[in-house]
2 protein chains.
Amino acid sequence: MKALFKTAGQAYKAHHALPPDAGTIADVNHDNVVKTISPDWVDGETKVMESPADHGQDLRLWLRLLTCSTLIESEIRRRLREQFDCTLPRFDLMAQLERAKAGMVLGELSKRMMVSPGNITALVERLVESGHVTRTVSPADRRVQIIALTSFGRAEFEKMATAHADWIAELFDVITARDGEILFDRLGKLKRSVVTALARD
Amino acid sequence: MKALFKTAGQAYKAHHALPPDAGTIADVNHDNVVKTISPDWVDGETKVMESPADHGQDLRLWLRLLTCSTLIESEIRRRLREQFDCTLPRFDLMAQLERAKAGMVLGELSKRMMVSPGNITALVERLVESGHVTRTVSPADRRVQIIALTSFGRAEFEKMATAHADWIAELFDVITARDGEILFDRLGKLKRSVVTALARD
DNA sequence: CAAAAAAACTTTAGGCTTGAAATAATTTTC
DNA sequence: GAAAATTATTTCAAGCCTAAAGTTTTTTTG
(Lines give C-alpha, C1' and ligand atoms only; values in the text may rest on other atoms or scores of the structure.)
Protein backbone atom coordinates (compact mmCIF):
# COMPACT_ATOMS: atom_id res chain seq x y z
CA MET A 1 0.00 0.00 0.00
CA LYS A 2 1.49 3.28 -1.05
CA ALA A 3 -1.04 5.97 -0.56
CA LEU A 4 -4.44 5.89 1.00
CA PHE A 5 -7.38 7.98 0.22
CA LYS A 6 -10.27 9.91 1.44
CA THR A 7 -13.63 8.29 1.29
CA ALA A 8 -17.05 8.90 2.55
CA GLY A 9 -17.18 7.24 5.90
CA GLN A 10 -20.64 5.81 5.94
CA ALA A 11 -23.94 6.58 4.35
CA TYR A 12 -26.03 3.72 3.13
CA LYS A 13 -28.05 4.22 6.31
CA ALA A 14 -31.64 3.32 7.01
CA HIS A 15 -32.87 2.71 3.49
CA HIS A 16 -30.21 0.10 2.94
CA ALA A 17 -31.19 -3.56 2.92
CA LEU A 18 -34.74 -2.64 2.22
CA PRO A 19 -35.91 -4.20 -1.01
CA PRO A 20 -36.22 -1.59 -3.77
CA ASP A 21 -39.97 -1.44 -3.29
CA ALA A 22 -39.90 -1.38 0.47
CA GLY A 23 -42.77 0.46 2.00
CA THR A 24 -45.34 -0.92 -0.38
CA ILE A 25 -48.16 -2.91 1.13
CA ALA A 26 -46.69 -6.14 -0.16
CA ASP A 27 -43.68 -5.76 2.07
CA VAL A 28 -45.23 -4.72 5.29
CA ASN A 29 -45.00 -8.12 6.83
CA HIS A 30 -41.49 -8.96 5.79
CA ASP A 31 -39.76 -8.46 9.05
CA ASN A 32 -36.56 -7.19 7.59
CA VAL A 33 -38.37 -3.90 7.33
CA VAL A 34 -38.62 -3.84 11.07
CA LYS A 35 -35.07 -4.98 11.44
CA THR A 36 -33.78 -2.33 9.12
CA ILE A 37 -35.26 0.66 10.86
CA SER A 38 -34.62 -0.72 14.32
CA PRO A 39 -32.70 1.69 16.58
CA ASP A 40 -29.79 -0.73 16.50
CA TRP A 41 -28.28 0.66 13.39
CA VAL A 42 -30.17 3.66 12.27
CA ASP A 43 -27.71 4.56 14.83
CA GLY A 44 -24.29 3.52 13.62
CA GLU A 45 -22.99 4.60 16.97
CA THR A 46 -21.97 1.08 17.80
CA LYS A 47 -18.95 1.71 15.66
CA VAL A 48 -15.78 2.21 17.63
CA MET A 49 -17.15 2.39 21.17
CA GLU A 50 -15.49 0.63 24.10
CA SER A 51 -12.03 1.85 23.42
CA PRO A 52 -9.32 1.27 25.98
CA ALA A 53 -9.05 4.71 27.51
CA ASP A 54 -11.86 6.17 29.55
CA HIS A 55 -12.47 9.29 27.54
CA GLY A 56 -15.41 7.32 26.27
CA GLN A 57 -17.60 10.38 26.50
CA ASP A 58 -15.64 12.17 23.80
CA LEU A 59 -15.83 9.13 21.58
CA ARG A 60 -19.53 8.79 22.09
CA LEU A 61 -20.01 12.42 21.25
CA TRP A 62 -17.91 12.11 18.14
CA LEU A 63 -19.80 9.08 16.93
CA ARG A 64 -23.12 10.76 17.49
CA LEU A 65 -21.92 13.84 15.65
CA LEU A 66 -20.78 11.66 12.78
CA THR A 67 -24.05 9.77 12.73
CA CYS A 68 -26.05 12.98 12.53
CA SER A 69 -24.09 14.49 9.73
CA THR A 70 -23.94 11.23 7.81
CA LEU A 71 -27.67 10.73 8.14
CA ILE A 72 -28.42 14.21 6.87
CA GLU A 73 -25.76 14.27 4.22
CA SER A 74 -26.78 11.01 2.64
CA GLU A 75 -30.41 12.01 2.58
CA ILE A 76 -29.47 15.24 0.83
CA ARG A 77 -27.41 13.28 -1.65
CA ARG A 78 -30.26 10.92 -2.29
CA ARG A 79 -32.74 13.71 -2.94
CA LEU A 80 -30.35 15.64 -5.14
CA ARG A 81 -29.82 12.51 -7.18
CA GLU A 82 -33.47 11.47 -7.40
CA GLN A 83 -35.04 14.88 -7.86
CA PHE A 84 -32.35 16.70 -9.80
CA ASP A 85 -30.03 13.99 -11.06
CA CYS A 86 -27.17 15.84 -9.42
CA THR A 87 -24.42 14.97 -6.97
CA LEU A 88 -23.51 16.85 -3.83
CA PRO A 89 -20.09 17.86 -5.12
CA ARG A 90 -21.67 19.36 -8.21
CA PHE A 91 -24.19 21.20 -6.06
CA ASP A 92 -21.49 22.44 -3.71
CA LEU A 93 -19.38 23.71 -6.53
CA MET A 94 -22.26 25.59 -8.08
CA ALA A 95 -23.12 27.00 -4.65
CA GLN A 96 -19.66 28.50 -4.44
CA LEU A 97 -19.94 29.93 -7.91
CA GLU A 98 -23.35 31.43 -7.33
CA ARG A 99 -22.03 34.13 -5.05
CA ALA A 100 -19.10 34.96 -7.31
CA LYS A 101 -20.68 36.89 -10.12
CA ALA A 102 -17.42 37.30 -11.96
CA GLY A 103 -16.47 33.68 -11.57
CA MET A 104 -13.89 32.08 -9.40
CA VAL A 105 -10.39 30.81 -9.87
CA LEU A 106 -10.04 27.05 -9.74
CA GLY A 107 -7.64 27.14 -6.83
CA GLU A 108 -10.00 29.22 -4.75
CA LEU A 109 -12.80 26.79 -5.47
CA SER A 110 -10.56 24.02 -4.27
CA LYS A 111 -9.75 25.81 -1.02
CA ARG A 112 -13.29 26.85 -0.30
CA MET A 113 -14.66 23.42 -0.97
CA MET A 114 -11.80 21.88 0.97
CA VAL A 115 -11.06 19.32 -1.69
CA SER A 116 -7.89 18.68 -3.67
CA PRO A 117 -7.20 20.70 -6.80
CA GLY A 118 -6.99 17.59 -8.92
CA ASN A 119 -10.49 16.77 -7.87
CA ILE A 120 -11.84 20.12 -9.00
CA THR A 121 -10.27 19.65 -12.41
CA ALA A 122 -12.43 16.64 -13.15
CA LEU A 123 -15.53 18.02 -11.47
CA VAL A 124 -15.33 21.22 -13.48
CA GLU A 125 -14.70 19.23 -16.61
CA ARG A 126 -18.00 17.40 -16.16
CA LEU A 127 -19.86 20.59 -15.31
CA VAL A 128 -18.51 22.23 -18.45
CA GLU A 129 -19.61 19.23 -20.44
CA SER A 130 -23.14 19.42 -19.06
CA GLY A 131 -23.31 23.15 -19.73
CA HIS A 132 -23.49 24.34 -16.14
CA VAL A 133 -20.23 26.25 -15.97
CA THR A 134 -17.64 27.84 -18.22
CA ARG A 135 -13.90 27.69 -17.90
CA THR A 136 -11.74 30.51 -19.20
CA VAL A 137 -8.02 31.05 -19.12
CA SER A 138 -7.25 34.30 -17.37
CA PRO A 139 -5.75 36.86 -19.74
CA ALA A 140 -3.68 38.31 -16.92
CA ASP A 141 -2.07 35.05 -15.84
CA ARG A 142 -2.17 32.17 -18.19
CA ARG A 143 -1.82 29.61 -15.42
CA VAL A 144 -5.16 30.62 -14.02
CA GLN A 145 -8.55 29.21 -14.97
CA ILE A 146 -11.67 31.21 -14.23
CA ILE A 147 -14.78 29.18 -13.61
CA ALA A 148 -18.23 30.72 -13.80
CA LEU A 149 -21.85 29.60 -13.83
CA THR A 150 -23.67 29.74 -17.14
CA SER A 151 -27.18 31.14 -17.04
CA PHE A 152 -28.42 27.60 -17.42
CA GLY A 153 -26.25 26.52 -14.51
CA ARG A 154 -27.52 29.40 -12.42
CA ALA A 155 -31.14 28.56 -13.14
CA GLU A 156 -30.59 24.92 -12.30
CA PHE A 157 -28.82 25.85 -9.11
CA GLU A 158 -31.61 28.15 -7.97
CA LYS A 159 -34.09 25.34 -8.21
CA MET A 160 -31.88 23.01 -6.25
CA ALA A 161 -30.98 25.57 -3.61
CA THR A 162 -34.62 26.25 -2.87
CA ALA A 163 -35.37 22.56 -2.50
CA HIS A 164 -32.24 22.07 -0.46
CA ALA A 165 -33.21 24.72 2.07
CA ASP A 166 -36.63 23.14 2.38
CA TRP A 167 -35.14 19.70 2.95
CA ILE A 168 -32.96 20.94 5.75
CA ALA A 169 -35.87 22.74 7.33
CA GLU A 170 -37.88 19.54 7.08
CA LEU A 171 -35.17 17.39 8.64
CA PHE A 172 -34.62 19.89 11.44
CA ASP A 173 -38.34 20.30 11.94
CA VAL A 174 -38.63 18.89 15.43
CA ILE A 175 -35.67 20.83 16.80
CA THR A 176 -36.76 23.92 18.66
CA ALA A 177 -35.23 27.26 17.80
CA ARG A 178 -33.66 27.32 21.23
CA ASP A 179 -32.03 23.92 20.84
CA GLY A 180 -30.87 24.97 17.42
CA GLU A 181 -29.15 27.99 18.91
CA ILE A 182 -27.56 25.91 21.61
CA LEU A 183 -26.31 23.40 19.08
CA PHE A 184 -24.97 26.14 16.86
CA ASP A 185 -23.17 27.73 19.77
CA ARG A 186 -21.62 24.52 21.13
CA LEU A 187 -20.62 23.36 17.69
CA GLY A 188 -18.86 26.67 17.37
CA LYS A 189 -16.94 25.87 20.51
CA LEU A 190 -16.17 22.41 19.24
CA LYS A 191 -14.91 23.81 15.99
CA ARG A 192 -12.61 26.15 17.84
CA SER A 193 -11.39 23.26 19.95
CA VAL A 194 -10.56 21.23 16.88
CA VAL A 195 -8.98 24.09 15.00
CA THR A 196 -6.89 24.91 18.05
CA ALA A 197 -5.73 21.32 18.36
CA LEU A 198 -4.87 21.20 14.66
CA ALA A 199 -2.95 24.44 14.86
CA ARG A 200 -0.54 23.14 17.48
CA ASP A 201 0.89 20.28 15.43
CA MET B 1 -26.15 10.69 -16.36
CA LYS B 2 -27.63 7.46 -15.18
CA ALA B 3 -26.70 6.94 -11.61
CA LEU B 4 -24.95 9.20 -9.19
CA PHE B 5 -22.90 8.27 -6.24
CA LYS B 6 -22.02 8.93 -2.74
CA THR B 7 -18.84 10.79 -2.10
CA ALA B 8 -17.13 12.44 0.72
CA GLY B 9 -18.44 15.95 0.68
CA GLN B 10 -15.35 17.88 1.58
CA ALA B 11 -12.16 17.20 3.42
CA TYR B 12 -9.04 18.65 2.06
CA LYS B 13 -9.42 21.28 4.78
CA ALA B 14 -6.79 23.33 6.51
CA HIS B 15 -3.69 21.51 5.39
CA HIS B 16 -4.61 21.92 1.78
CA ALA B 17 -2.58 24.37 -0.25
CA LEU B 18 0.22 24.04 2.20
CA PRO B 19 3.37 22.85 0.53
CA PRO B 20 4.16 19.22 1.37
CA ASP B 21 6.82 20.28 3.83
CA ALA B 22 4.84 23.03 5.46
CA GLY B 23 5.66 23.54 9.05
CA THR B 24 9.36 23.22 8.63
CA ILE B 25 11.43 26.22 9.56
CA ALA B 26 12.14 27.00 5.95
CA ASP B 27 8.49 27.66 5.31
CA VAL B 28 7.57 29.78 8.24
CA ASN B 29 7.67 33.01 6.32
CA HIS B 30 5.76 31.89 3.26
CA ASP B 31 2.54 33.67 3.86
CA ASN B 32 0.36 31.05 2.30
CA VAL B 33 0.63 29.35 5.63
CA VAL B 34 -1.22 32.22 7.15
CA LYS B 35 -3.68 32.31 4.33
CA THR B 36 -4.43 28.64 4.62
CA ILE B 37 -5.38 28.59 8.24
CA SER B 38 -7.28 31.85 8.02
CA PRO B 39 -10.81 31.64 9.44
CA ASP B 40 -12.19 32.30 5.99
CA TRP B 41 -12.13 28.72 4.93
CA VAL B 42 -11.07 26.60 7.78
CA ASP B 43 -14.69 27.32 7.94
CA GLY B 44 -16.29 26.02 4.81
CA GLU B 45 -19.50 27.49 6.09
CA THR B 46 -19.62 29.92 3.23
CA LYS B 47 -20.94 27.03 1.20
CA VAL B 48 -24.63 27.21 0.50
CA MET B 49 -25.63 30.11 2.71
CA GLU B 50 -27.96 32.85 1.56
CA SER B 51 -30.61 30.58 0.21
CA PRO B 52 -33.93 32.05 -0.83
CA ALA B 53 -36.08 30.97 2.13
CA ASP B 54 -35.54 32.48 5.54
CA HIS B 55 -34.94 29.27 7.46
CA GLY B 56 -31.34 30.39 7.21
CA GLN B 57 -30.76 29.38 10.80
CA ASP B 58 -31.28 25.71 10.02
CA LEU B 59 -28.97 25.95 7.06
CA ARG B 60 -26.29 27.67 9.11
CA LEU B 61 -26.58 25.00 11.75
CA TRP B 62 -26.33 22.23 9.18
CA LEU B 63 -23.26 23.75 7.57
CA ARG B 64 -21.56 24.15 10.90
CA LEU B 65 -22.37 20.59 11.81
CA LEU B 66 -20.97 19.42 8.51
CA THR B 67 -17.86 21.53 8.94
CA CYS B 68 -17.19 20.06 12.37
CA SER B 69 -17.57 16.49 11.34
CA THR B 70 -15.60 16.97 8.16
CA LEU B 71 -12.79 18.66 10.01
CA ILE B 72 -12.54 15.88 12.55
CA GLU B 73 -13.08 13.06 10.11
CA SER B 74 -10.43 14.16 7.70
CA GLU B 75 -7.91 14.65 10.48
CA ILE B 76 -8.62 11.11 11.66
CA ARG B 77 -8.19 9.83 8.14
CA ARG B 78 -4.93 11.67 7.78
CA ARG B 79 -3.51 10.27 11.00
CA LEU B 80 -4.66 6.75 10.27
CA ARG B 81 -2.95 6.98 6.93
CA GLU B 82 0.27 8.56 8.13
CA GLN B 83 0.69 6.66 11.37
CA PHE B 84 -0.81 3.30 10.47
CA ASP B 85 -1.02 3.28 6.70
CA CYS B 86 -4.70 2.51 7.06
CA THR B 87 -7.93 3.99 5.75
CA LEU B 88 -10.99 4.91 7.78
CA PRO B 89 -13.20 2.29 6.12
CA ARG B 90 -10.68 -0.41 6.98
CA PHE B 91 -10.54 0.84 10.55
CA ASP B 92 -14.33 1.00 10.80
CA LEU B 93 -14.72 -2.50 9.49
CA MET B 94 -12.21 -3.88 11.96
CA ALA B 95 -13.93 -1.94 14.74
CA GLN B 96 -17.16 -3.74 13.95
CA LEU B 97 -15.43 -7.07 13.90
CA GLU B 98 -13.61 -6.50 17.15
CA ARG B 99 -16.75 -6.86 19.22
CA ALA B 100 -17.94 -9.92 17.34
CA LYS B 101 -15.71 -12.67 18.64
CA ALA B 102 -17.30 -15.28 16.41
CA GLY B 103 -17.14 -13.13 13.34
CA MET B 104 -19.85 -11.32 11.49
CA VAL B 105 -21.85 -11.98 8.39
CA LEU B 106 -21.04 -9.74 5.48
CA GLY B 107 -24.56 -8.39 5.27
CA GLU B 108 -24.58 -7.38 8.88
CA LEU B 109 -21.28 -5.59 8.43
CA SER B 110 -22.83 -3.73 5.56
CA LYS B 111 -25.84 -2.68 7.63
CA ARG B 112 -23.87 -1.69 10.67
CA MET B 113 -21.40 0.31 8.69
CA MET B 114 -24.21 1.81 6.66
CA VAL B 115 -22.51 1.16 3.36
CA SER B 116 -23.60 -0.85 0.36
CA PRO B 117 -22.95 -4.60 0.28
CA GLY B 118 -20.96 -4.31 -2.91
CA ASN B 119 -18.66 -1.98 -1.09
CA ILE B 120 -17.97 -4.44 1.70
CA THR B 121 -17.07 -7.14 -0.80
CA ALA B 122 -14.08 -5.21 -2.06
CA LEU B 123 -13.10 -3.87 1.34
CA VAL B 124 -13.08 -7.35 2.84
CA GLU B 125 -11.18 -8.65 -0.16
CA ARG B 126 -8.37 -6.19 0.54
CA LEU B 127 -8.40 -6.93 4.25
CA VAL B 128 -8.14 -10.64 3.55
CA GLU B 129 -5.26 -9.96 1.23
CA SER B 130 -3.40 -7.98 3.88
CA GLY B 131 -4.06 -10.68 6.46
CA HIS B 132 -6.29 -8.68 8.77
CA VAL B 133 -9.48 -10.72 8.40
CA THR B 134 -10.66 -14.12 7.27
CA ARG B 135 -13.66 -14.91 5.15
CA THR B 136 -15.42 -18.26 5.52
CA VAL B 137 -18.48 -19.65 3.81
CA SER B 138 -21.07 -20.56 6.42
CA PRO B 139 -21.66 -24.32 6.54
CA ALA B 140 -25.28 -23.75 7.50
CA ASP B 141 -26.12 -21.48 4.61
CA ARG B 142 -23.79 -21.47 1.69
CA ARG B 143 -24.85 -17.99 0.61
CA VAL B 144 -23.42 -16.52 3.77
CA GLN B 145 -19.87 -15.32 4.31
CA ILE B 146 -18.54 -15.04 7.82
CA ILE B 147 -15.89 -12.40 8.33
CA ALA B 148 -13.61 -12.40 11.35
CA LEU B 149 -10.49 -10.66 12.57
CA THR B 150 -7.26 -12.62 12.48
CA SER B 151 -5.06 -12.30 15.54
CA PHE B 152 -2.81 -10.08 13.49
CA GLY B 153 -5.78 -7.96 12.53
CA ARG B 154 -6.89 -7.76 16.13
CA ALA B 155 -3.47 -6.67 17.30
CA GLU B 156 -3.25 -4.03 14.61
CA PHE B 157 -6.69 -2.79 15.47
CA GLU B 158 -5.91 -2.47 19.18
CA LYS B 159 -3.01 -0.19 18.41
CA MET B 160 -5.10 1.98 16.16
CA ALA B 161 -8.08 2.09 18.51
CA THR B 162 -5.92 3.37 21.34
CA ALA B 163 -4.45 6.08 19.18
CA HIS B 164 -7.86 6.93 17.80
CA ALA B 165 -9.35 7.48 21.24
CA ASP B 166 -6.43 9.72 22.11
CA TRP B 167 -6.84 11.74 18.95
CA ILE B 168 -10.49 12.38 19.64
CA ALA B 169 -9.70 13.37 23.21
CA GLU B 170 -7.04 15.72 21.88
CA LEU B 171 -9.34 17.33 19.34
CA PHE B 172 -12.10 17.74 21.91
CA ASP B 173 -9.68 19.00 24.49
CA VAL B 174 -11.00 22.50 24.91
CA ILE B 175 -14.63 21.44 25.18
CA THR B 176 -15.80 21.29 28.77
CA ALA B 177 -17.52 18.18 30.04
CA ARG B 178 -20.68 20.21 30.47
CA ASP B 179 -20.66 21.46 26.89
CA GLY B 180 -19.94 17.94 25.74
CA GLU B 181 -23.03 16.69 27.54
CA ILE B 182 -25.12 19.47 26.10
CA LEU B 183 -23.88 18.70 22.62
CA PHE B 184 -24.50 15.01 23.07
CA ASP B 185 -28.01 15.66 24.28
CA ARG B 186 -28.97 18.12 21.56
CA LEU B 187 -27.44 15.97 18.85
CA GLY B 188 -29.64 13.20 20.17
CA LYS B 189 -32.64 15.43 19.66
CA LEU B 190 -31.43 16.32 16.20
CA LYS B 191 -31.00 12.69 15.34
CA ARG B 192 -34.53 11.95 16.43
CA SER B 193 -35.76 14.87 14.40
CA VAL B 194 -34.04 13.58 11.30
CA VAL B 195 -35.07 9.98 11.80
CA THR B 196 -38.66 11.12 12.35
CA ALA B 197 -38.60 13.16 9.18
CA LEU B 198 -37.13 10.25 7.22
CA ALA B 199 -39.72 7.84 8.60
CA ARG B 200 -42.64 9.85 7.23
CA ASP B 201 -41.66 9.64 3.56
C1' DC C 1 18.77 38.85 -17.24
C1' DA C 2 19.26 33.82 -16.43
C1' DA C 3 18.51 30.38 -13.00
C1' DA C 4 15.79 28.97 -9.26
C1' DA C 5 11.66 28.92 -6.77
C1' DA C 6 6.89 29.22 -6.54
C1' DA C 7 2.23 28.98 -8.07
C1' DA C 8 -1.73 27.09 -10.66
C1' DC C 9 -3.19 23.42 -12.53
C1' DT C 10 -3.30 18.50 -14.66
C1' DT C 11 -2.19 13.73 -14.67
C1' DT C 12 -1.84 9.28 -12.62
C1' DA C 13 -2.58 5.29 -9.76
C1' DG C 14 -5.51 3.52 -6.79
C1' DG C 15 -8.94 3.10 -2.96
C1' DC C 16 -13.92 4.20 -1.88
C1' DT C 17 -18.83 4.42 -2.97
C1' DT C 18 -23.18 3.88 -5.00
C1' DG C 19 -27.22 1.85 -7.66
C1' DA C 20 -28.45 -1.49 -10.67
C1' DA C 21 -28.05 -5.83 -12.67
C1' DA C 22 -26.39 -10.38 -12.15
C1' DT C 23 -25.61 -15.12 -9.54
C1' DA C 24 -26.41 -18.53 -6.39
C1' DA C 25 -28.65 -20.58 -2.48
C1' DT C 26 -32.64 -20.96 0.49
C1' DT C 27 -37.40 -20.51 1.66
C1' DT C 28 -42.13 -20.02 0.46
C1' DT C 29 -46.07 -21.09 -1.99
C1' DC C 30 -49.24 -23.59 -4.74
C1' DG D 1 -42.10 -31.19 -4.96
C1' DA D 2 -41.50 -27.74 -8.65
C1' DA D 3 -42.09 -22.81 -9.47
C1' DA D 4 -41.74 -18.36 -7.46
C1' DA D 5 -40.05 -15.23 -4.29
C1' DT D 6 -36.52 -13.88 -1.15
C1' DT D 7 -31.95 -13.42 0.62
C1' DA D 8 -26.85 -13.02 0.49
C1' DT D 9 -23.39 -11.64 -2.14
C1' DT D 10 -20.78 -10.25 -6.36
C1' DT D 11 -20.08 -7.70 -10.52
C1' DC D 12 -20.27 -3.55 -13.18
C1' DA D 13 -19.97 1.20 -14.72
C1' DA D 14 -19.03 5.47 -13.31
C1' DG D 15 -18.19 9.39 -10.20
C1' DC D 16 -15.56 10.95 -6.16
C1' DC D 17 -11.27 11.70 -3.77
C1' DT D 18 -6.48 11.77 -2.41
C1' DA D 19 -1.29 12.09 -2.61
C1' DA D 20 2.38 12.51 -5.44
C1' DA D 21 4.57 13.55 -9.56
C1' DG D 22 4.36 16.16 -13.60
C1' DT D 23 3.45 20.91 -16.79
C1' DT D 24 3.42 25.40 -17.74
C1' DT D 25 3.67 30.05 -16.48
C1' DT D 26 5.05 33.68 -13.40
C1' DT D 27 7.85 35.60 -9.81
C1' DT D 28 11.99 35.90 -7.21
C1' DT D 29 16.85 36.01 -6.68
C1' DG D 30 21.66 36.06 -7.45
Side-chain angles (χ1 to χ4, degrees), chain A residues 1-13 15-21 26-27 30-32 35 74 77-78 81-82 86-90 92-93 105-111 113-127 135 137-138 140-147, chain B residues 1-13 15-17 19-20 26-27 30-32 35 74 77-78 81-82 86-90 92-93 105-111 113-127 135 137-138 140-147:
Chain A
M1 251 190 309
K2 280 267 190 49
L4 301 174
F5 314 88
K6 188 187 176 299
T7 55
Q10 83 280 70
Y12 217 44
K13 71 160 183 322
H15 303 300
H16 164 48
L18 286 167
D21 50 346
D27 289 305
H30 292 336
D31 70 355
N32 67 331
K35 230 183 288 174
S74 41
R77 273 179 212 281
R78 197 176 65 75
R81 178 172 57 79
E82 293 188 351
C86 184
T87 61
L88 191 48
R90 287 172 69 98
D92 281 350
L93 195 150
V105 168
L106 193 145
E108 191 173 350
L109 265 178
S110 162
K111 284 178 215 152
M113 294 180 65
M114 301 195 275
V115 298
S116 66
N119 191 356
I120 301 288
T121 297
L123 199 47
V124 165
E125 176 55 36
R126 281 185 287 264
L127 280 164
R135 181 175 38 180
V137 172
S138 164
D141 183 339
R142 299 211 316 269
R143 291 171 303 183
V144 172
Q145 303 262 349
I146 297 162
I147 319 295
Chain B
M1 251 191 308
K2 279 266 189 52
L4 301 173
F5 313 87
K6 187 187 177 298
T7 56
Q10 82 280 69
Y12 216 46
K13 72 163 184 317
H15 302 300
H16 165 48
D27 288 306
H30 292 336
D31 70 354
N32 66 331
K35 230 182 285 173
S74 41
R77 273 179 211 282
R78 198 177 63 76
R81 178 171 59 77
E82 292 188 350
C86 183
T87 62
L88 190 48
R90 286 172 72 97
D92 281 350
L93 195 149
V105 168
L106 192 146
E108 190 173 350
L109 265 178
S110 160
K111 284 178 214 150
M113 295 179 65
M114 301 195 276
V115 300
S116 66
N119 192 355
I120 302 288
T121 297
L123 200 46
V124 165
E125 177 55 36
R126 281 185 287 263
L127 281 165
R135 182 176 37 182
V137 172
S138 165
D141 182 338
R142 300 212 316 269
R143 289 171 304 183
V144 172
Q145 305 261 349
I146 296 164
I147 319 295

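Quick caveat: nothing in here was measured; it's all calculated off a predicted structure.
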Quick one: B/R78 CZ to D/dC17 C1', roughly how many Å, whole number? 17 Å
What is the separation between atom CD on A/E125 and atom P on C/dT12, rounded to the nearest whole Å? 14 Å
Heavy atoms only: give me the nearest A/R77-A/P89 pair and the separation to one decimal. NH1-CD, 4.0 Å
Looking only at heavy atoms, which two atoms of B/V124 and B/R135 are closest? And how far apart? CG1-CD, 4.0 Å
5'-most contact on DNA chain D: B/Q145 or A/I120, nearest heavy atom basis? B/Q145
Between D/dG15 (P) and A/L127 (CG): distance, integer Å: 12 Å
Taking atom P of C/dG14 as reference, at what distance in whole Å does atom CZ of B/R90 sit? 15 Å
From C/dT10, D/dT9, C/dG15, pick the nucleotide closest to the side chain of B/R126? C/dG15
Spacing of CG belonging to B/L109 relative to CD belonging to B/Q145, to within rounding of 0.5 Å: 11.0 Å
Side-chain heavy-atom pair B/L123, B/R90 within 4.5 angstrom cut-off: yes
From the set D/dT9, D/dT18, C/dC9, return the single nucleotide nearest to any side-chain atom of A/V115. D/dT18
For the CD1 atom of B/I120 and the CD atom of B/E125, what is their distance to the nearest 0.5 Å? 13.0 Å
Nearest of C/dT17, D/dG15, D/dT10 to any side-chain atom of B/N119? C/dT17
Separation of D/dT18 atom P from B/R81 atom CZ, nearest Å, is 11 Å
List every contact pair, protein side and nucleotides 24-29 of chain C side both N or O, where the distance is under 3.5 Å.
unit_1, atom_1, unit_2, atom_2, d
C/dT26, OP1, B/R142, N, 3.1

Mind checking if A/L123 touches a base, just sugar-phosphate, or nothing, with heavy atoms under 4.0 Å? sugar-phosphate
At what distance, to the nearest 0.5 angstrom, does CD1 of A/I147 lie from OG of A/S110? 11.5 Å
Nearest-angstrom distance from the residue atom CG of B/L93 to C1' of C/dG15: 14 Å
Between A/R77 and C/dT18, is there a contact of a side-chain N or O with OP1 or OP2 at under 4.0 Å? no
Please report, rounded to the nearest Å, how far the C1' atom of C/dC9 is from the NZ atom of A/K111. 12 Å
What integer distance in Å separates A/R135:CZ from C/dT10:C1'? 10 Å
Rounded to the nearest 0.5 Å, the CZ atom of A/R143 sits from the CG atom of A/L106 at a distance of 13.5 Å
